[in-house]
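These notes concern the structure reproduced below.
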Protein chains: 2
Amino acid sequence: MTNRVRRTMPLLPISIVMQLTELTARQIRYYEEHKLISPARTEGNKRMFSLNDVDALLEIKDYLDQGLNMAGIKKLYDLKETPENEKAEPKSLSDAELRKLLHEELKHQARPFEKGGFRQGDLSRFFN
Amino acid sequence: MTNRVRRTMPLLPISIVMQLTELTARQIRYYEEHKLISPARTEGNKRMFSLNDVDALLEIKDYLDQGLNMAGIKKLYDLKETPENEKAEPKSLSDAELRKLLHEELKHQARPFEKGGFRQGDLSRFFN
DNA sequence: ATTCACATGTTAGAAAACTTAACATTTCGT
DNA sequence: ACGAAATGTTAAGTTTTCTAACATGTGAAT
């Protein structure tokens with residue numbers, strides 16, 4: 001009777017995502033520009049977002065509140081998506097760059113991971 | 001981690017609903033015209049559909065396949081929404097009209113109710 | 001076989017929503 | 001004070017959606 005949405009299905013136009021996330025269109029596009037999200041496109045080139053996208057945006061918002069910048073958030077995502085493989089060979093940034101980046105950002109107040117699992121988006125606000 | 005969408009929240013533009021239901025825009029608007037659904041509107045007057053709306057549309061589609069017409073489906077919905085109250089005083093149709101209507105339609109092949117509960121929409125196709 | 005009503009298709013014109021791109025503003029760290 | 005990062009704002013163009021009107025297909029009744 002009450003099922004779960006297929007969270008990867010592109011369903012939502014940007015206007016709705018703006019409401020759900022309280023982000024501006026500018027912000028959402030900016031985060032896409034920086035590869036933090038990759039919403040689908042209609043044939044006419046309009047962005048269509050999945051619930052996962054919304055979750056990601058809420059997470060991004062949270063990280064930004066914590067003082068992270070685009071590069072830092074991107075790096076966290078890259079690390080997440082790399083299960084436990086070759087930690088060597090950072091995809092594009094040098095070790096030094098990465099260390100500096102994380103150091104610079106994290107000295108603020110951010111904690112990259114919650115102990116016991118990754119931080120989750122807060123889409124649950126809109127669920128029941 | 002995997003929540004349930006608030007199914008009354010208007011999230012979906014008509015293009016997506018068309019995909020989810022395999023109905024044309026014309027059909028969807030026609031069913032609204034006949035009060036079978038009442039999707040929300042944006043400030044700019046664009047229809048925005050909830051998951052409940054999608055469920056309803058799938059149900060409508062099914063009833064149409066079974067030979068029901070707009071009036072018949074509407075009547076079924078009106079009956080559903082009337083828990084067990086004053087069965088007298090049909091909202092707008094006379095008893096005779098109602099009887100004729102249901103009779104005409106149901107002699108076809110439709111069964112108004114499934115034994116053991118009302119027929120449910122088939123949105124679960126899109127869920128996991 | 002017509003006719004009629006219902007459901008749907010099709011089209012046109014207007015308005016809303018979304019797009020990219022450019023430039024402006026704010027904020028923060030050096 | 002300066003520079004970079006994030007966001008605001010605006011403009012011009014395209015896509016999507018809207019309503020309304022008219023057309024078509026189909027089944028039921030005459």
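Chain identifiers are assigned alphabetically (A, B, ...) following the order of the sequence lines, protein sequences preceding nucleic acid strands; residue numbering begins at 1 within each chain.
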Notebook entry, point to check: Is there a side-chain contact between Leu76(B) and Tyr63(B), using heavy atoms and a 4.5 Å cut-off?
Noted result: yes
Next item on the list: Sort out for me which residue in Lys75(B), Glu33(B), His34(B) forms a side chain to side chain contact (heavy atoms under 4.5 Å, CB included) with Met70(B).
Entry: His34(B)
Notebook entry, point to check: Checking side chain to side chain contact (heavy atoms under 4.5 Å, CB included) against Arg41(A), which of Arg47(A), Met48(A), Lys46(A) comes through?
Noted result: Arg47(A)
Checklist line | Under-4.0 Å salt bridge between Arg7(B) and Asp53(B) | finding: no
Item checked: Gap between atoms CG and C1', on Leu12(A) and dC18(C) respectively (whole Å) -> 15 Å
Notebook entry, point to check: Can you name the residues that form a side-chain contact (heavy atoms from CB on, under 4.5 Å) with Met18(B), not counting sequence neighbours?
Noted result: Ile14(B), Ala25(B), Ile28(B)
Next item on the list: Mind calculating the distance between CD (Glu32(A)) and P (dA21(C)) to the nearest angstrom?
Entry: 12 Å
Item checked: B/S/- contact track for nucleotides 6-18 of chain D, protein heavy atom under 4.0 Å -> BBBB----BBSBB
Notebook entry, point to check: Glu33(B) has an atom CD; how far is it from atom P of dT19(D), in whole Å?
Noted result: 10 Å
